[in-house]
Structure formats: structure tokens, C-alpha cells
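Quick notes on the structure that follows.
Every number for a ligand or one of its atoms is a count from 1 in the order of the listing.
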Amino acid sequence: MRNFTYHNPTRIVFGKETIAQLTSLVPAGTSVMLTYGGGSIKRNGVYDQVRRALLGHSVVEFGGIEPNPQYETLMRAVGRARETHIDFLLAVGGGSVLDGTKFIAAAIPFTGSDAWDIVAHNAPLLSAMPMGGVLTLPATGSEMNPSAVISRDSTQQKFAFGNDLLYPVFAVLDPLTTYSLPRNQIANGIVDAFVHVLEQYMTYPVNAPLQDRQAEAILITLVEETPNIVKDPPDYDGRAALMWCATQALNGLIACGVPTDWATHMIGHELTALYGIDHGQSLAVVMPAVMRFMADQKHAKLLQYAGRVWGINQGSEEARVNAAIDMTAQFFRSVGVPTKLSDYGISSEAGQRISERFAQRGTLLGEHNTIGASETQAILALCS
Ligand code: NZQ
Ligand code: ZN
């Protein structure tokens with residue numbers, strides 16, 4: 001097992017009707033900016049619950065943060081927060097609202113000449129505004145991690161950045177808020193959480209047995225609970241299981257002491273930036289292809305995954321590995337997320353475009369940094 005430091009300061013408040021606890025979670029006497037997305041929170045009653053809990057606080061609102069949050073929109077929020085002397089941010093929504101709010105938190109006190117440097121160059125931060133979150137879409141893990149992914153339409157860029165100053169102070173996770181989610185967003189959430197685990201597990205063994213079992217526990221729970229998660233009308237325990245799985249999938253715990261990959265995410269972000277597909281959709285396309293392309297390097301973990309997660313213990317090693325990859329893609333399709341570029345109307349030129357971008361940036365991905373421009377093109381050729 002590799003050396004590691006683990007510190008996660010985010011307080012999680014989990015369960016039914018917990019939004020009322022914002023009254024005491026949001027520090028008294030602060031001037032709060034309430035950030036949200038395109039209006040789902042107004043339609044499903046979450047907004048009313050939040051406003052009720054904040055009756056004793058001074059609140060400024062900033063709505064309209066879009067999926068794959070846009071730099072230009074967020075800079076408007078930064079301007080507004082500076083003008084109104086905000087000292088606490090409360091993000092209410094999915095990963096995009098949380099991520100966008102992390103950027104706002106970083107950019108408000110930023111003194112550099114160009115706030116885009118925070119995203120594009122992970123510019124050092126001296127401070128950040130404190131923020132809390134109310135999560136309404138279990139998927140990204142943003143509620144309990146210090147990372148954010150920000151997009152810029154004008155340049156078709158989508159980059160991740162992170163800073164320890166950006167852990168939310170608290171996150172309220174009420175599974176009831178997920179009842180209004182459309183089926184495709186639930187499916188995206190299942191895929192995103194599943195792939196987060198795979199990116200931290202599907203590498204090579206380093207004698208980290210607990211981390212392996214923790215990762216497998218999340219994967220198996222997601223597979224077993226999927227029938228409950230997608231039930232209509234919604235099933236509370238199924239939604240609660242998804243919510244906690246998604247948080248645990250990317251709060252740093254399972255990454256302790258192990259190598260990580262993230263090639264699927266980095267290639268997926270390019271697909272979203274260039275072709276506009278959802279984050280979860282991009283992962284469902286790329287993950288099986290990365291496993292196939294890297295099957296030799298990932299052989300030992302793929303075999304372990306085949307046996308422990310999918311119960312595939314018969315046949316040659318190669319056959320078990322292939323069956324596990326097929327089961328993964330089949331699982332994504334079974335929840336309604338297609339796994340081929342052509343399913344989204346994306347032609348094979350995507351491989352060329354993305355590999356050119358990676359060549360220009362000198363991008364090297366994967367647990368061994370062996371996935372460069374030409375390997376990315378080969379991976380995307382497997383997705384057509
Ligand atoms: O904008 P509103 O009206 O709120 O609607 C949203 C949005 O249209 C809707 N929604 C959210 N909660 C709802 C709801 N609709 C009905 N009922 C509810 N309870 O769902 C749509 C998608 O929301 P979004 O926040 O974009 O989805 P998600 O949570 O999947 O976030 C995706 C973003 O997170 C980034 C992705 O790249 C993408 O930009 N990621 C962030 C990560 C992180 N911070 O660690 C890691 C991830 O790998 C990911 O890259
Ligand atoms: Zn993700």
C-alpha cells in the first residue's frame with residue numbers, strides 16, 4: 001500500500017427532511033448567496049424548504065447555473081457576490097451547481113489577472129469563500145470533495161481543478177429531493193458513481209485489500225440496488241443507497257494508498273466539450289473501451305473484478321476479462337445509457353479531434369501515463 005494523507009472536513013447531514021437543518025448549519029449572521037440551476041428546485045419544493053430554513057438569514061439569489069457550468073455565467077455570480085458583500089455560499093442542486101459554486105468561492109477573493117487560470121492552470125489560491133451544499137442529484141461526489149469541472153463554450157473547453165480550500169463545509173443529502181429526477185439523470189448518476197469507483201480501482205494491485213473491498217462494495221451495491229434505484233414510484237431506500245454510494249465513490253476514501261486512472265473522465269470531458277453529451281453518457285461510452293484497450297496492464301484487477309463483482313469464475317483468464325468488460329457495458333445499457341459514439345450521432349472523427357487536442361497539450365493519461373494522443377484515438381476507435 002502506498003503512503004497517503006486523508007482528511008475530509010465536510011460534514012454530511014443525511015436523510016429525510018434534513019433541509020430544515022440549514023437554519024443552524026449556515027453560520028448565523030452571514031450574508032448568503034443561494035446558487036441554483038435552471039429551476040428544478042422551484043418545481044420540486046426544495047427551494048421552498050431552503051428559503052424556510054433560511055428565514056433568519058440575509059439571502060441573495062443567483063440562479064441559472066447550467067449543466068456543465070459555464071465560466072461566463074459563474075463570473076456574473078462572482079461580480080454579484082462581490083457587490084453584495086456575500087460571506088457564505090449555499091449551492092442547491094446537482095454536481096453542476098456545486099462545482100460552479102466552488103469556482104465562485106475560489107474566484108471571489110482571487111487576485112490574479114484572469115480567473116480562468118483557476119480552472120485552466122489550477123492557479124494557487126490563498127483563500128476561498130466558505131460554501132455548503134444541498135444535493136439534489138446523486139452522481140458526482142462533488143458534495144464531499146474539493147474538485148470542480150468548469151466549461152467554457154466559446155473555446156469548447158472543459159477542465160477539472162481542485163483545491164483543499166473548496167471542500168464544502170457541509171452537505172445536506174436528502175434522498176427525497178431525488179424523487180423529481182427524470183429517469184435519464186438517475187441513470188447518469190448510477191453510471192457516474194460506478195465509473196468513479198472503477199477509475200480508482202481498475203489499475204494494478206498494490207496490496208491494499210481494504211480499499212479493494214471498499215471499492216467492490218460500492219460497485220456491488222450499485223448493481224444490486226439498481227432495480228430499487230430506478231423504481232417508479234420512487235423507493236426511498238433505493239434512492240438513499242444511490243446517494244450514499246455516489247458520495248462514497250468520490251470523497252477520497254477509496255483512493256487512499258492506491259494508483260488511480262482517470263483516463264475515461266479526461267476523454268469523456270472532451271466528448272462533452274465538443275459534442276455536448278451528458279457526463280454520464282460520455283463515461284458509458286469510454287470506460288468499456290479503456291478497459292479493453294488496457295486489458296494487459298489492468299489484467300490482475302480485471303480478473304479480480306470479474307470474480308468478485310460479476311461472479312465470473314469459469315473459463316480462461318482472457319474469457320473472464322472479456323466477459324467482465326461486456327457485463328460492464330451491458331449494465332450501463334440496462335439502465336438506459338447507450339455505450340457507442342454512434343448511439344449519440346458522433347462520427348469516428350471524434351478520435352482524431354480529441355487526439356489532436358491531447359497532442360497539443362501533451363496530455364498523458366492512465367495509471368502509467370501511457371495513454372497519449374495516439375492511444376486515445378485507438379480507444380475512441382473501439383467506441384464507434
Ligand atoms: O439545472 P436544474 O434545473 O437544477 O436541473 C438539473 C440539470 O438539468 C437537473 N436536476 C438536478 N437535480 C434535480 C434535477 N431535475 C429534477 N429533480 C432534481 N432533483 O439535472 C440536470 C443535470 O444536472 P447536473 O448538475 O448537470 O448533473 P450532475 O450532477 O451529473 O453534474 C454533472 C457535472 O459534474 C461534473 C461533470 O463533469 C458535469 O459538469 N463532475 C464533477 C465532479 C466533481 N466535482 O468531483 C466529478 C464528476 O466526474 C464530474 O466530472
Ligand atoms: Zn464523473
For ligand 1, the portion of Asn188 having any non-hydrogen atom under 4.0 Å away: neither

Close approach of Gly93 to ligand 1, heavy atoms, under 4.0 angstrom: no

Ser151 side chain to Asn68 side chain, donor-acceptor N/O pair below 3.5 angstrom: no

Structural part of Val46 in contact with ligand 1, heavy atom criterion under 4.0 angstrom: neither

Six-ring centre of Tyr201, Lys301 cation under 6.0 angstrom, axis tolerance 45°: yes

Geometric class of the Phe103/Phe161 ring pair [parallel <30°, tilted 30-60°, perpendicular >60°]: perpendicular

Within less than 2.8 Å of the Zn ion (ligand 2): protein N, O or S atom count: 4

Ile41 touching ligand 1 at heavy-atom level, < 4.0 angstrom: no

Contacting atoms of ligand 1, where contact means under 4.0 angstrom from a heavy atom of Leu250: 45 (O), 46 (C)

Cation over ring face, Lys298 and Tyr204, 6.0 Å, 45°: no

Gly141 to ligand 1, any heavy atom closer than 4.0 Å: no

Atom indices of ligand 1 within 4.0 angstrom of His265 heavy atoms, with elements: 48 (O)

Trace of the side chain to side chain donor-acceptor pair (under 3.5 Å) decision for Glu61 with Tyr47: CA-CA 11 Å; Glu61 292 186 11; Tyr47 172 84; 2.3 Å; yes

Ligand 1 atoms in contact with Ser180 (distance to a heavy atom under 4.0 Å): 16 (C), 17 (N), 18 (C), 19 (N)

SB check Arg239 Glu225 (cutoff 4.0 Å): no

Ligand-residue contact atoms, ligand 1 with Thr136, heavy atoms, under 4.0 Å: 11 (C), 12 (N), 13 (C), 18 (C), 19 (N)

Pairing residues for Ser316 by the side chain to side chain contact (heavy atoms under 4.5 Å, CB included) criterion, not counting sequence neighbours: Glu318, Ala319

Which of the ligand 1 atoms, numbered from 1, are nearer than 4.0 Å to a heavy atom of Asn44: 17 (N), 18 (C), 19 (N)

Heavy-atom protein neighbour under 4.0 angstrom from atom 9 (C) of ligand 1: no

Distance-only donor-acceptor check, side chains Lys102 and Ser142, under 3.5 Å: yes

Verdict with supporting geometry, Gln281 and Asn188, side chain to side chain donor-acceptor pair (under 3.5 Å): CA-CA 7 Å; Gln281 295 174 328; Asn188 282 341; 5.0 Å; no

Ion pair check, Lys158 and Glu270, cut-off under 4.0 Å: no

